[in-house]
Amino acid sequence: MKILIINGPNLNLLGKREPDIYGPRSFEEYLRELTAHFHHIHLEYFQSNHEGMLLDKLHQAGFDVDGIVLNAGALTHTSIALADAVAAIPAPVVEVHISNVHARESFRHHSFLAATCTGSIVGLGLEGYHLAIEWLVRRAGAVRKIEGKE
Ligand code: DQA
């Protein structure tokens with residue numbers, strides 16, 4: 001089973017960036033914990049500050065992996081192109097936001113991605129990634145059962 005985590009702009013700065021909002025941990029450190037916990041699955045991580053790179057990754061992985069966890073950062077609130085890419089691929093995509101975007105500035109309240117993602121986890125800190133992966137693993141198991149592969 002393959003699951004891809006995609007982080008968008010500025011999320012490479014986790015741990016240094018506004019720690020009062022996003023916490024003190026770098027994503028690389030957190031990823032080590034995730035990888036150890038989900039050692040039975042193939043977990044891939046991709047981060048880019050460039051919209052086109054995120055689009056290319058969604059196109060390339062979206063027909064291959066069993067699920068995608070996507071935190072598109074600020075592009076969530078601006079990018080119709082990313083929403084179209086999510087709609088174009090068969091892999092289920094869970095939208096994650098570390099902070100509770102609904103409790104912040106009004107421009108963060110709208111997500112272009114939410115309608116095309118399978119679901120969203122918002123405001124639960126880094127744990128949102130863990131929960132999203134857990135759900136994707138459960139979903140993939142359920143799909144395999146339905147398809148008679150288990
Ligand atoms: C974020 C929320 C966005 O509004 C913001 O632009 C980010 C991070 C979050 O994880 O809380 O970069 O996606």
Side-chain angles (χ1 to χ4, degrees), residues 1-140:
M1 172 174 309
K2 282 192 228 166
I3 299 212
L4 169 67
I5 301 171
I6 301 181
N7 273 344
N10 301 309
L11 291 162
N12 54 313
L13 294 181
L14 285 178
K16 296 179 191 149
R17 169 194 187 197
E18 299 178 277
D20 45 319
I21 297 175
Y22 300 111
R25 295 182 83 181
S26 71
F27 199 79
E28 287 68 22
E29 188 206 325
Y30 180 63
L31 187 62
R32 279 197 287 278
E33 186 182 304
L34 277 182
T35 309
H37 184 86
F38 293 104
H39 55 89
H40 53 297
I41 63 175
H42 180 91
L43 206 56
E44 195 196 329
Y45 175 56
F46 180 79
Q47 190 277 331
S48 178
N49 293 320
H50 306 280
E51 187 173 9
M53 300 276 283
L54 298 169
L55 288 170
D56 288 345
K57 191 66 186 176
L58 283 167
H59 295 175
Q60 173 237 312
F63 293 87
D64 178 43
V65 299
D66 298 289
I68 296 175
V69 181
L70 174 62
N71 184 348
L75 291 172
T76 306
H77 318 300
T78 61
S79 178
I80 297 169
L82 276 180
D84 282 349
V86 171
I89 59 174
V93 179
V94 179
E95 175 187 18
V96 166
H97 297 288
I98 298 162
S99 65
N100 181 355
V101 283
H102 302 292
R104 300 180 63 194
E105 302 96 323
S106 58
F107 62 82
R108 295 185 204 276
H109 296 179
H110 180 256
S111 164
F112 280 104
L113 304 178
T116 53
C117 286
T118 310
S120 306
I121 299 175
V122 167
L124 303 185
L126 287 173
E127 217 175 314
Y129 292 87
H130 184 118
L131 294 168
I133 296 166
E134 217 156 67
W135 183 82
L136 286 167
V137 170
R138 268 211 292 274
R139 182 195 175 278

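For ligands, and for the atoms within them, numbers begin at 1 and follow the listed sequence. The figures here come from the full heavy-atom set of this structure, side chains too, leaving out hydrogens, waters and symmetry mates.
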Verify, without hydrogens or angle tests, whether Gln47 (side chain) and Gly8 (backbone) share a donor-acceptor contact under 3.5 angstrom. yes
Please step through side chain to side chain contact (heavy atoms under 4.5 Å, CB included) for the pair Glu51 and Thr78, ending with a clear verdict. CA-CA 11 Å; Glu51 187 173 9; Thr78 61; 5.8 Å; no
For Ile5, does its backbone N or O pair with a side-chain atom of Tyr129 as donor and acceptor, under 3.5 Å? no
Enumerate the pairs of nitrogen or oxygen atoms, one from ligand 1 and one from the protein, separated by less than 3.5 angstrom; state names and distance to 0.1 Å.
from, atom 1, to, atom 2, distance (Å)
ligand 1, 4 (O), His77, NE2, 2.7
ligand 1, 4 (O), Arg108, NH1, 2.9
ligand 1, 6 (O), Ala74, N, 3.1
ligand 1, 6 (O), Arg108, NH1, 3.0
ligand 1, 10 (O), Asn71, ND2, 2.8
ligand 1, 10 (O), Ile98, N, 2.8
ligand 1, 11 (O), Ile98, N, 3.2
ligand 1, 11 (O), Ser99, N, 2.8
ligand 1, 11 (O), Ser99, OG, 2.6
ligand 1, 12 (O), Arg17, NH1, 3.1
ligand 1, 12 (O), Arg17, NH2, 3.0
ligand 1, 13 (O), Asn71, OD1, 2.8
ligand 1, 13 (O), His97, ND1, 2.8

Backbone N/O of Lys2 and side chain of Asp66: donor-acceptor pair under 3.5 Å: yes
Tell me whether Glu127 at atom CD has more than 12 heavy atoms from other residues, nucleotides or ligands lying less than 6.0 Å away. no
State whether the side chain of His77 and the backbone N or O of Ser111 hold a donor-acceptor pair below 3.5 Å, judged by distance alone. no
